[in-house]
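Below: the structure, in C-alpha cells.
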Amino acid sequence: MAVSEGLSPDLVIGDFDSVTEETLAAIPLDRQMRIAEQETTDFEKCLLRVRAPLILGLGFTGARVDHSLSVMSAMVRHSGKPCIILDETDLIFAAPPRLALDLAAGTRLSLFPMATIEGRSSGLRWPIDGLTLAPDGRIGTSNEATGPVDLAFARTGMLIVLPAGQLTQAITGLLSAHGLR
C-alpha cells in the first residue's frame, strides 16, 4: 500500500507471502528483511525486530478479524515492547503492570483482558478493584474516566482501548510506565 501511494519504506519486514513481485521490485533489496518462518505473523516479526522506544502500528484493524486478533495476541505476548495500534476510531495497546493516563472526565476507556487478571484503578467511573476480569468472563467495555486514571494489574494480559484522539495521552502514559520518559 505504501509503495502504491508513492512512499518508500525504510525497511520492509515479513515473509512476503502477500506482497506482489512488482511491489518488491520497487523496494531496494537492502531495505527488505525476508523472514521465511511461518510461526509468527508479519506484525510479530516486526515487533520482535524493530528497535524503538514505541511502535505505532497503522492498518492492523482492517478487514480480517483473524489478523486483528493475532495482532492483539502478539501485543500481549510482547507487552514489554510499547506498541499502540491506531485506526480512525480507536487505539489499543497492552497495558504495563502500572499505568497513569492523563484523561479528561468523560473519556471512554475500555479494558479487555486477554487472560484472567485482577487490578486496581482510580479515576474510572466503574472501578475495577476487587474484580476478576477474563476474556470468557467479566470485561471492561465502555468504562469512563472521571479525570486522570491510574491502573495497576496483577499480571500482564490487559488491553486498553481509547478513542484515537487520546494518542498523545497513550504515548505519554506508555513511555512513562516503561521508564522511557
When you measure from the side chain of Arg120 to the backbone N and O of Ile128, does any donor-acceptor pair fall under 3.5 Å? no
Could you walk me through whether Leu131 and Asp129 pass the side chain to side chain contact (heavy atoms under 4.5 Å, CB included) test, one step at a time? CA-CA 6 Å; Leu131 300 178; Asp129 301 51; over 6 Å; no
Could you give me the CA-CA distance, side-chain angles and deciding distance for Ile160 and Leu151, then say whether side chain to side chain contact (heavy atoms under 4.5 Å, CB included) is met? CA-CA 10 Å; Ile160 308 285; Leu151 299 165; 3.8 Å; yes
Kindly compute the distance separating CG (Leu91) from CG (Leu86), expressed to the nearest 0.5 Å. 6.0 Å
Under the side-chain contact (heavy atoms from CB on, under 4.5 Å) test, which residues partner Thr116, sequence neighbours left out? Thr132, Ala134
Enumerate donor-acceptor pairs with a distance under 3.5 Å from any side-chain N or O in residues 136-146 to protein atoms, sequence neighbours excluded.
{"unit_1": "Asn143", "atom_1": "OD1", "unit_2": "Trp126", "atom_2": "N", "d": "3.1"}
{"unit_1": "Asn143", "atom_1": "ND2", "unit_2": "Trp126", "atom_2": "O", "d": "2.7"}
{"unit_1": "Thr146", "atom_1": "OG1", "unit_2": "Gly123", "atom_2": "O", "d": "3.3"}

Between CG on residue Leu180 and CG on residue Leu175, distance to nearest 0.5 Å: 5.5 Å
Treating Ile, Leu, Val, Met, Phe, Trp and Tyr as nodes and any side-chain heavy-atom pair under 4.5 angstrom as an edge, say whether Ile85 and Leu162 lie in one connected cluster. no
Just jot down the side-chain hydrogen bond (donor to acceptor under 3.5 Å, both in side chains) partners of Lys45, sequence neighbours excluded, or say none. Thr40
Check: Ile55 main-chain N/O paired with Lys81 side-chain donor or acceptor under 3.5 Å: no
Just how far is it from atom CD of Glu118 to atom CZ of Phe153, taken to the nearest 0.5 Å? 12.0 Å
Salt bridge flag under 4.0 Å for residues Arg98 and Asp150: no
One should read off an interatomic distance between Ile117 CD1 and Leu111 CG, to the nearest 0.5 angstrom, of 9.0 Å
For the backbone of Leu69 and the side chain of Ser73, can you confirm whether one donor and one acceptor N or O come within less than 3.5 Å of each other? no
Any chance you could measure Leu56, atom CG, to Ile171, atom CD1, to the nearest 0.5 Å? 6.0 Å
Output, in order, the C-alpha distance, side-chain angles, deciding distance and verdict of side chain to side chain contact (heavy atoms under 4.5 Å, CB included) for Met72 and Phe112. CA-CA 10 Å; Met72 305 314 148; Phe112 194 87; over 6 Å; no
Tell me if the CD atom of Glu22 is crowded by more than 12 foreign heavy atoms within 6.0 Å. no
Out of curiosity, does Met33 fall in the hydrophobic cluster containing Val50 (side-chain heavy atoms, cut-off under 4.5 Å, transitive links)? yes
Counting C-beta onward and ignoring hydrogens, is there a side-chain heavy-atom pair between Ile13 and Phe43 closer than 4.5 Å? no
Electrostatic pair Arg77-Glu44, nearest N-O below 4.0 angstrom: yes
Can you tell me if Thr172 uses its side chain to pair, donor with acceptor, with the backbone of Gln169 under 3.5 Å? no
Before giving the answer on side chain to side chain contact (heavy atoms under 4.5 Å, CB included), spell out for Cys83 and Leu47 the whole-Å C-alpha distance, their side-chain angles and the decisive distance to 0.1 Å. CA-CA 8 Å; Cys83 177; Leu47 196 58; 4.0 Å; yes
Hey, are the side chains of Thr41 and Val71 touching, using non-hydrogen atoms and a 4.5 Å cut-off? no
Would you say the side-chain atoms of Thr23 and Thr20 include a donor-acceptor pair closer than 3.5 Å? yes
Drop me the distance from Leu167's CG to Asp90's CG, to the nearest 0.5 angstrom. 12.0 Å
Whether the side chain of Thr156 engages the backbone of Ser79 through a donor-acceptor N/O pair (distance < 3.5 Å, no angle test) should be reported. no
Would you say Asp17 has more than 12 foreign heavy atoms packed within less than 6.0 Å of its CG? yes
